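Data first, discussion second: the structure below is written as structure tokens.
We count residues from 1, following the sequence as given. Fair warning: this is a prediction, and the values are worked out from it, not measured in the lab.
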Amino acid sequence: MTEPAVSPPAIDVLRAVEDRVLWLSSAIIHHANRVRPNPSGLKVGGHQASSASMVSIMTALWFNHLRPADRVSVKPHASPVLHAINYLLAELDASYLPRLREFGGLQSYPSRTKDPDPADYSTGSVGIGATAPIWGAISRRYVDTKFGGAGTGRQYSLVGDAELDEGAVWEAVLDPGVAELGEIVWIVDLNRQSLDRVVPNIAADKLQGMFAAAGWQVIVLKYGRLLEELFTRPGGTELRQRIDAMTNPEYQRLLRCDAAELRRRLPGDSPAITALLDELDDTTLTDAIANLGGHDLTALDQAFAAIDDTRPTVVFAYTIKGHGLATKGHPQNHSALLTDAQMRELADRLGTDLDDPWRAFADGSPEQQLCRATAKRLRRPEIPAATPPPVPSDFGRTPTGTATTQAALGRALLDLTREAPDTARRVVTVSPDVSSTTNLGGWVNKVGVWSVQERPDWFADDSETILHWRERPTGQHIELGIAETNLVGLLGELGATWSRWGQPLLPIGVLYDPFVERALEPWSYGIYAGGQSILIGTPSGVTLAPEGGAHQSIKTPSIGLEQPGCLTYEPAFAIDAEWTLLAAMAQLGKPGGSSAYLRLSTRPVDQTLADVPADPAARERRRRQVVAGAYPLRRADAAAVTIAVMGALVPEALDAAARLDQIGVPADVVCVTSPDLLHRAVRARQGHERADTWILDAVFPADRAAPLVTVLDGHPHTLAFLATINRVRTTALGVTGFGQSGSLEDVYRHHGLDSDSIVRAALDVTG
């Protein structure tokens with residue numbers, strides 16, 4: 001794997017392709033901003049300088065080293081370079097080149113699902129796209145050990161150096177399992193500039209040490225061959241020491257100097273450097289100061305060939321932001337655009353034409369032959385997509401006694417192994433070190449823990465050990481360290497295997513519900529990138545009241561309602577949890593599928609309160625309503641008020657309804673299982689989107705319209721929209737404060753969620 005994929009192309013041909021990639025990426029942005037009509041006057045944007053710093057790296061990688069099984073995550077601001085390369089490889093029609101950031105055109109950043117040309121990973125959220133290939137590598141290995149056919153191949157991340165400021169990067173790098181992934185290669189575009197400035201103390205040596213300490217191979221490409229040759233001459237040692245000792249801003253300023261200014265600034269107080277520079281003509285001198293390793297095709301080739309596939313690798317490639325452009329090295333070049341005059345000068349220098357910007361290489365030219373050979377080499381075979389196995393809708397059991405919806409999760413997974421083993425084989429669970437506390441212990445004991453290699457279970461003969469940690473490649477549970485961003489990053493990639501390797505998985509991630517917000521950005525990224533998975537937050541709301549505010553979740557119900565590409569459930573009973581989990585699983589691993597978020601509770605609830613119908617037809621009707629978003633739990637004659645309740649607060653709602661009956665205020669109780677689906681139904685009824693609306697008539701029929709009290713263990717606005725169904729008076733109860741410890745009864749009373757509060761609210765709204 002360490003040898004180049006093909007015989008290296010002639011260096012002059014590769015340089016000509018490099019020049020064309022630089023031109024095309026710059027012209028794509030230029031056309032979007034300065035040529036295409038813009039009636040609104042709003043900024044279109046683009047990043048010519050950030051693209052230019054990646055041109056050499058991506059040219060060397062695509063046209064000399066990539067293989068079909070390799071996959072690459074391209075830093076967001078280099079998307080025009082990816083489009084330029086795809087155009088040269090006949091993977092993108094020329095008609096799209098003028099359409100950067102246009103509706104239906106090329107996306108702002110690489111997108112697997114929205115761009116017209118291939119993108120292995122969607123990027124855009126800084127740091128999240130960089131880490132995605134780590135989770136892609138684990139997902140590929142998982143699929144290969146389970147079903148075969150996922151092949152091999154490196155997983156490259158092209159990372160902007162400013163992305164290394166993101167905590168998500170180091171959470172991923174430091175996960176213990178990552179050091180075993182030899183297919184991971186990160187290439188850091190070390191241009192030492194961020195959006196606003198030249199970074200004064202980027203501390204590259206410290207960053208390199210951090211990767212090395214995590215078990216990574218570290219390759220540094222600092223200087224190109226021209227500078228390296230100068231360092232061997234008399235005065236060269238002093239020149240190296242002088243440049244090495246410079247601050248980033250001082251070095252960047254030299255890039256803006258002509259030869260005369262360089263001869264004044266560069267030597268400092270060293271006569272040896274002055275004498276060395278006196279030997280150089282002006283062109284050689286200005287070329288030398290910009291001769292960094294990340295722009296030297298030969299140095300890049302040697303670095304890629306030296307990658308050790310037994311451990312992760314990071315290549316620190318020193319580059320210049322805006323290399324080859326008039327804006328090179330300028331501290332404010334991040335979003336700077338070349339003028340028409342500068343673009344014409346660039347076209348003249350690179351042998352292109354601003355008036356014919358998309359001109360292809362001449363037929364039969366060495367450059368065209370290289371592009372064709374590269375396209376042929378990188379063409380991936382079509383992978384037939386396996387159909388996800390059918391998911392049962394009902395196991396036929398009616399829970400009794402007292403149970404929690406969290407415990408129902410583990411029970412449902414074990415039932416699946418018995419009732420539908422082919423389906424259960426596709427399930428993979430992921431947890432950030434909370435398997436036992438989220439009721440996955442029985443499942444983990446049953447299926448084992450997935451590991452790259454089998455490890456001995458040193459506690460297998462300990463009779464007091466209840467959770468058996470058997471790590472092997474056949475396991476179906478993946479345990480990560482305590483980092484929620486890693487959890488949902490892996491979840492998203494496991495949820496994309498159906499589209500990458502034709503093998504659908506049913507990924508389920510479990511974490512503490514308060515930390516869903518911490519994981520929200522990478523979770524959204526995974527959904528945007530086409531990953532279909534189930535995220536389970538538990539325990540919900542103030543269930544863990546004795547443990548204090550750090551373990552209370554208030555906003556998560558509305559997060560589920562508002563998250564695109566995802567449906568959300570909050571079941572009240574164990575049977576509801578089973579039905580909604582199975583319904584969510586049935587949406588995974590296929591075109592048009594959907595992710596799901598389930599909010600579960602550790603509050604024990606009397607399961608007889610569910611009053612599950614015994615008649616099979618009535619039971620199925622109840623199941624359909626549960627899955628559609630709500631069901632009537634209690635109907636009263638001539639109801640004067642409706643109590644719509646969600647999740648763990650059903651006992652309080654039923655108790656309040658019984659008390660209201662006794663004082664002559666008959667009450668209906670509706671159990672809401674998905675505010676998300678109900679909201680979609682309301683919007684569909686209003687003509688805003690397409691969704692089933694029958695559930696509204698079944699649960700909130702117009703002839704039973706009555707004042708409404710909504711109750712949930714989260715922010716009250718989540719259910720407030722229900723009053724619009726029949727335009728009734730309403731009051732909304734929920735949690736708006738944060739961090740109160742105490743018994744559940746005390747905390748419910750504090751937040752106005754206890755039976756007394758519900759009765760008072762009902763009397764107020766009917767008053």
Side-chain angles (χ1 to χ4, degrees), residues 391-420 423-424 427 429-431 434-447 467 476-477 506-513 534-541 543-544 553 556-557 560 567-588 596-613 619 622-627 629-631 633 645-651 671-674 712-713 744:
V391 179
S393 59
D394 186 353
F395 293 134
R397 180 186 296 108
T398 302
T400 57
T402 300
T404 72
T405 53
Q406 177 182 287
L409 165 66
R411 180 61 181 267
L413 291 176
L414 290 175
D415 284 344
L416 192 67
T417 64
R418 291 186 287 268
E419 300 292 332
T423 303
V427 173
T429 55
V430 187
S431 169
V434 292
S435 301
S436 56
T437 54
T438 54
N439 281 98
L440 286 181
W443 163 259
V444 171
N445 285 344
K446 174 76 173 179
V447 302
L467 182 62
Q476 289 181 244
H477 175 76
L506 306 177
I508 300 172
V510 182
L511 77 168
Y512 286 166
D513 195 63
I534 298 173
L535 184 65
I536 295 179
T538 182
S540 61
T543 306
L544 287 184
S553 53
T556 49
L567 60 88
T568 184
Y569 288 111
E570 183 167 349
F573 299 102
I575 190 67
D576 299 352
E578 173 193 307
W579 287 339
T580 55
L581 176 66
L582 294 175
M585 292 172 65
Q587 295 298 314
L588 302 178
Y597 164 46
L598 272 66
R599 195 170 183 254
L600 305 183
S601 173
T602 53
R603 184 192 185 187
V605 172
D606 179 1
Q607 297 302 299
T608 63
L609 296 177
D611 195 22
V612 179
R619 178 187 176 99
R622 165 70 69 85
R623 188 199 67 80
R624 289 183 65 244
Q625 290 176 340
V626 167
V627 170
Y631 60 95
L633 186 55
V645 61
M646 187 165 76
L649 286 162
V650 164
C671 183
V672 175
T673 55
S674 176
L712 76 153
D713 193 4
L744 201 57

### Task
Flag the pair Ile508 / Leu413 as yes when at least one side-chain heavy-atom distance between them is below 4.5 Å, and no otherwise.
yes
### Message
Donor-acceptor check, side chain of Gln607 to backbone of Ala574, threshold 3.5 angstrom: yes or no?
### Response
yes
### Query
Are the side chains of Thr429 and Val510 in touch, meaning some heavy atoms are under 4.5 Å apart?
no
### Query
Can you check whether Val430 reaches Pro507 side chain to side chain, under 4.5 Å on heavy atoms?
no
### Task
Check whether any side-chain heavy atom of Phe395 sits under 4.5 Å from a side-chain heavy atom of Arg418, and report yes or no.
no
#### Entry: Thr673 side chain vs Gly629 backbone, donor-acceptor pair below 3.5 Å
yes
#### Entry: CA sep, side-chain torsions, deciding dist, call: Val650, Val605, side chain to side chain contact (heavy atoms under 4.5 Å, CB included)
CA-CA 9 Å; Val650 164; Val605 172; 5.8 Å; no
#### Entry: Nearest-0.5 Å distance, OG of residue Ser431 to CG of residue Leu511
8.5 Å
### Task
Answer whether the closest heavy-atom distance between the side chains of Glu570 and Thr405 falls below 4.5 Å.
no
#### Entry: Inter-residue atom distance Tyr631.OH - Cys671.SG, 0.5 Å rounding
3.5 Å
### side chain to side chain donor-acceptor pair (under 3.5 Å), paired with Thr556, selected from Thr568, Asp713, Asp513
Asp513
### Query
Can you find a heavy atom in the side chain of Phe573 that is under 4.5 Å from one in the side chain of Val612?
no
### Task
Mind checking the CZ-CG spacing from Arg622 to Asp611? Nearest 0.5 Å is all I need.
6.5 Å
### Least distance between heavy atoms, Ser601 atom then Thr543 atom
OG-OG1, 3.5 Å
### Query
Do Asp394 and Arg619 meet the salt-bridge criterion of a basic N to acidic O distance under 4.0 Å?
yes
### Query
Taking the side chain as C-beta and beyond, is there a heavy-atom pair between Pro399 and Arg411 under 4.5 Å?
no
#### Entry: Spacing of CG belonging to Leu567 relative to OH belonging to Tyr597, to within rounding of 0.5 Å
13.0 Å
### Task
Could I get the full list of salt bridge (Lys or Arg N to Asp or Glu O under 4.0 Å) partners for Asp606, not counting sequence neighbours?
none
### Query
Looking at side-chain heavy atoms only, is the closest gap between Ile575 and Thr398 below 4.5 Å?
no
